Structure formats: C-alpha cells, structure tokens
Amino acid sequence: MKKETILVLDFGGQYNQLIARRVRECNVYAEVHPYTLSLDKIKEMAPKGIIFTGGPNSVYDPASPHYDKAILELGIPVLGICYGSQLMAYMLGGEVKTAPVSEYGHTDVTVSTSSKLFHGIEENTSVWMSHTDYIAKAPAGFEVTAHSAVCPVAAMENAAKRLYATQFHPEVLHTRDGKKIISNFVYTVCGCIGDWTMDSFVESKIREIKEQVGNGKTLCALSGGVDSSVAAVLMSKAIGKNLTCVFVDHGLLRKDEGDQVEGVFGPNGSYDLNFIRVNAQERFYKKLAGVEDPEQKRKIIGEEFIRVFEEEAKKIGAVDYLVQGTIYPDVIESGLGKSAVIKSHHNVGGLPDCVDFKEIIEPLRMLFKDEVRKAGSELGIPSFLTMRQPFPGPGLGVRIVGEVTAEKVRIVQEADAIFREELDKAELKQRPGQYFAALSNMRSVGVMGDFRTYDYAIVLRAVNTTDFMTADCTEIPFDVQQRCMTRIINEVKGVNRVLFDLTSKPPGTIEFE
C-alpha cells in the first residue's frame, strides 16, 4: 500500500527539514524536494498536501526561485511558509514589498480561530518571525487570518481552494502553537489519517538494504555515537556478516571514549559484528597542524576519515559499500540542495570529491535525531546507547577554536569530563539535550597562588532541544556553575577562566564552531 505523503518544496530556507519532521510527528510521511522538482513529477507523486518552505530571497527579484502557478491549480492543499507565503501571494496577484519594519524572533499575533488552520488555538498567540519582506496586499479571493502589530498579513487563506499561508514559522518550537497548526493542516485540511510509524520505517529500510546490497561486502563507519550505532545495527540486521564496522579513533574523542566504544561493539561487546579499531590520533593531528578555519578543519577530518576507511577496505578486500550515520540535520546544514551552507559535516559536505567505494549508503539520511533514537529502540538497542549525548563526527576538532593540538585536546577532554560529571549528578529543572565544554582561543591573565598565569578560557554549553535544528540555553543553577568553574580551574592545567554560553539556535549553532 502506498503511504500518504506531504511534499515539502524547498525554496532555500534553513528550517526546511524541520518542516518535514513536524509533519512526521503527526505520523504522516514527508519528503523534501528542491523547488526544481517538475510539475509532472509532483502529479506522479500524488501528495496529500504541499508545503512551500521559507527562503532567503525576495519574490520580486527576477533571479529568485519561483514555480509554475499551475501547482496551485492541482486541487492539492498548499501551505506557504514565510518566503512560501509571499510566493503564493505573488503568483496569485497579491503585493509583496520590503517591510517598513522587519520582524525577527518572538512576535505576538492575533489569529482568526474560525480558520481550519488555527482551530483550537487561542486568538492571541506568540509566533517566530524572520522576514524583511511582507505581503502588503493579499490576492483576490483570500481572507487575512492573522496579523501582528507591524505585519498586516501574518496569515491568509483561500479555504475554497485549500490554499493557506503563514508569514511566520509554525515549524520551529518557538512558535507556541506551531505543532497544532501543522497538525491542523495535515489532518483537517489535507485529510491525512497518519499511517507512517518508526516500526514501519525500520522494516521497509531493512528490506531496501537487502535489495540494494545483496551479497556485497559493506564497511560501516562506526563512531560509537547514536547515529552510527543505529546505522550499524540496522545494517547488521539486513546483511549480517557481510558488514564490517571500522571505528577510527582520530584523537578527537571525549575522555576514555575510544575504549568505551570498543567495549560495546568490540569482540567482548554486546553485538556480533566484525569490528576493527584504527588508532589514528597522530595522523589526524599532523593533518590539522596550523589549520584554524573551522570549515577547513571539518573538510580535512572528513577526507582523512574516508582515506582511513579506504585503506581498511583494501585490507578486507572487495568492499563495495560505505555506510555512514548521516541524518537530516547533517544534510541541511551542509548546504546540499538549495540551502546556504552553515557548516560541512564530515559525512556529507565534508566528503572529498573522489571516494574509492562503489556507493555510499546512508540509511538514516531521512531521519532527525529523535527519530533515530526511536529507530534504535525498535532495533532493540539499549537506551544507554540510543539516549547518549550526541557527538559530532569531527569530534573535538569543532569544539576547539583555532588550531587543534594534542595539548588542547587534553584540556578540553578533561574540562568536558568534569562538566558532564557535575551536570549528570545535579538536580536540574530540565535535563539539557546536549551539554559539553569547548576550548576558546582566548588567553587571558590570571592569578593562581602568588603567580601570574596566561592561560585559556573554557566555554561551557548546555541546551534544551528535541530536534537539534533549534535550541535554547538550559538554565543551570549558579551553584552548579560555580562548582564546575572551581573544579575545571583547579584540576585542568592550562585553564584560568570559565565562561558560560547563553546563545540560542538560531542565531548560533549548537556546536561551538
């Protein structure tokens, strides 16, 4: 049976994969495609609904991404978000202009509760705005269903044609009733029943992998993190002993993590995997010597990973496939498709141009972090693995600002271990989704005993997040912060100052570089 689908048409915004995630939270499958997807292909897909995403352009700029107006005449419900709302207005004869006052961040709006889109939502609500253009005049046949103090068309609709638009972003958690708005569109407007679940994803993915790989030998890049661990077990379920997992210790792991990974997946671990550990610390340090630019570091680490995997594949012999634990946020932040590059992930945008494998398999590419955790549970992976702290593929290379050296790695490893230990035993109002220590490139004067010091500043970061596309700073009690500061300065040689990062995402990223 063909599953019902919501098509997310990507016009270049940074929240595009997040829209798909919100739809999937409604147990409805969603696919993201670039705006260049043909109208014939859309007809062939027969989606239950279409969502136009945001984007950085102005619709009245001739060079900006547009679409055939016929898409609005297919009889398929359409929801336009931010740029997508302006595009809908522009295509149908409305007016889009530069806003007299731009809106960014939390904004109070008044909505029409008689709209199907806003059913069950209070008339006055808070949403997340991010725009410099605005809809100055709605097209003929449209009713304005929301407004803010400076935005006359915060939402509009032509209910008869099932065309809806919001200037704000319902997909981000900062919009108070965003989930309800997406749910209203998916169920009330599009008529979906919700037939997509994680167990069905796991079953279909195992079948797909078996068909794709057959008896081919496969190498899995296993870091021991949530994503690569789930990818490894999923592949093992599908192809058994034709899978070899290679764990590369690049010297940029958290304290004692290399041994912990080997303890779980190695010969004495819980899984019947072909496991190889490669200790390549000095090799990576040498490649990173003198490099300060974070994007360059990511690409160097990504390429060196691939080279190590290629070398190990040659030792095994006749390996056709490389498996990676790539997930949706990796893809969107690496700028693949039409979105701007935020940072290159070593397993996506950080890959070298030439890779000595027949094909790269990314079985989790369509999933968000929380969905990966659910898939892991479906596969029987214990919670201490599926719920562990996320860790980037480039490791501490992106938690050290500036050049990476063995000494800096030691400093951040020890500080990070202290911070995680203190937070793990602290009584907090909310457990952070991710927390770690990073090493700034700032050195400052301090006094320890009767001596002058000139050492580094450690930065502590803890955020609340479910999707890792948006995040807010976790409130850490002051006494816990003080305890972390005291221990780090006393116990970690080379540190004389501790800072706490309050930045949300956006505008910052969760990782420090």
Side-chain angles (χ1 to χ4, degrees), residues 224-225 251-261 281 285 292 294 297 384 387-392 394-465 468 471-505 507-513:
L252 302 169
L253 298 171
R254 288 170 287 204
K255 188 175 181 179
D256 301 326
E257 194 160 35
D259 293 338
Q260 292 168 3
V261 171
Q281 297 92 332
Y285 293 160
E292 297 187 355
K297 285 194 289 185
F384 78 86
M387 300 308 295
R388 70 178 302 182
Q389 277 282 296
F391 192 62
L396 300 179
V398 294
R399 293 181 181 174
I400 295 172
V401 180
E403 182 185 14
V404 174
T405 66
E407 175 64 7
K408 287 183 177 180
V409 170
R410 178 198 62 79
I411 290 172
V412 76
Q413 279 180 335
E414 294 183 8
D416 180 72
I418 291 170
F419 183 47
R420 288 189 290 119
E421 179 184 328
E422 291 297 332
L423 253 60
D424 287 347
K425 67 184 182 184
E427 293 184 5
L428 306 177
K429 291 180 181 178
Q430 183 176 3
R431 301 305 306 180
Q434 189 165 354
Y435 47 103
F436 58 86
L439 181 63
S440 75
N441 61 352
M442 182 184 87
R443 300 182 72 184
S444 61
V445 174
V447 178
M448 299 182 77
D450 293 324
F451 295 96
R452 174 187 185 273
T453 62
Y454 187 63
D455 288 327
Y456 287 104
I458 280 286
V459 181
L460 305 181
R461 182 138 171 81
V463 297
N464 301 326
T465 182
F468 293 83
D472 287 311
C473 177
T474 302
E475 183 179 341
I476 306 296
F478 187 68
D479 64 316
V480 177
Q481 294 185 44
Q482 288 289 97
R483 192 157 56 247
C484 291
M485 177 272 296
T486 301
R487 283 196 60 193
I488 290 171
I489 289 177
N490 287 343
E491 298 175 31
V492 183
K493 183 181 178 181
V495 177
N496 67 359
R497 195 174 296 268
V498 176
L499 311 175
F500 194 81
D501 186 355
L502 299 175
T503 314
S504 63
K505 176 184 180 179
T509 58
I510 292 178
E511 289 300 333
F512 202 66
E513 279 200 344

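These numbers come from a predicted model, not from an experiment.
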Shortest non-hydrogen contact between [X] and [Y], atoms and distance:
X: G251; Y: Y285; value: O-OH, 2.6 Å
X: T453; Y: V447; value: OG1-N, 3.9 Å
X: P477; Y: L428; value: CD-CD2, 3.4 Å
X: V401; Y: K408; value: O-NZ, 4.1 Å
X: A471; Y: V463; value: CB-CB, 3.9 Å
X: A426; Y: V480; value: CB-CG2, 3.9 Å

To the nearest 0.5 angstrom, please state how far the [atom1] atom of [X] sits from the [atom2] atom of [Y].
X: I418; Y: R483; atom1: CD1; atom2: CZ; result: 12.5 Å
X: K429; Y: E427; atom1: NZ; atom2: CD; result: 13.0 Å
X: F419; Y: F500; atom1: CZ; atom2: CZ; result: 5.5 Å
X: I458; Y: I411; atom1: CD1; atom2: CD1; result: 7.0 Å
X: M485; Y: L499; atom1: CE; atom2: CG; result: 11.0 Å

Donor-acceptor under 3.5 Å ([X] side chain, [Y] main chain):
X: N496; Y: S444; value: yes
X: Y456; Y: L439; value: no
X: Q481; Y: I476; value: yes
X: R420; Y: A437; value: no
X: S440; Y: A457; value: yes
X: N490; Y: T486; value: yes
X: K297; Y: G402; value: yes

> Looking at R254, K255, Q260, which one forms a side-chain hydrogen bond (donor to acceptor under 3.5 Å, both in side chains) with E257?
Replying inline: R254
>> With side-chain hydrogen bond (donor to acceptor under 3.5 Å, both in side chains) as the test, pick out the partner of E511 among K505, R399, R461.
In response: R399
Indicate yes or no: at least one non-hydrogen side-chain atom of [X] is less than 4.5 angstrom from one of [Y].
X: L460; Y: I488; value: yes
X: T503; Y: F512; value: no
X: L396; Y: F391; value: yes
X: L423; Y: P432; value: yes
X: D455; Y: R443; value: yes

>> Between S504 and D472, is there a side-chain donor-acceptor contact under 3.5 Å, judged purely by atom types and distance?
In response: no
> Could you go step by step and tell me if R431 and D424 meet the side chain to side chain contact (heavy atoms under 4.5 Å, CB included) rule?
Replying inline: CA-CA 9 Å; R431 301 305 306 180; D424 287 347; 4.0 Å; yes
> Is it true that atom CD of E475 has more than 12 heavy atoms of other residues, nucleotides or ligands lying nearer than 6.0 Å?
Replying inline: no
>> Heavy-atom count check: over 12 atoms from other residues, nucleotides or ligands less than 6.0 Å from K493 NZ?
In response: no
> E414 and side-chain contact (heavy atoms from CB on, under 4.5 Å): which partner among V409, V495, V492?
Replying inline: V492
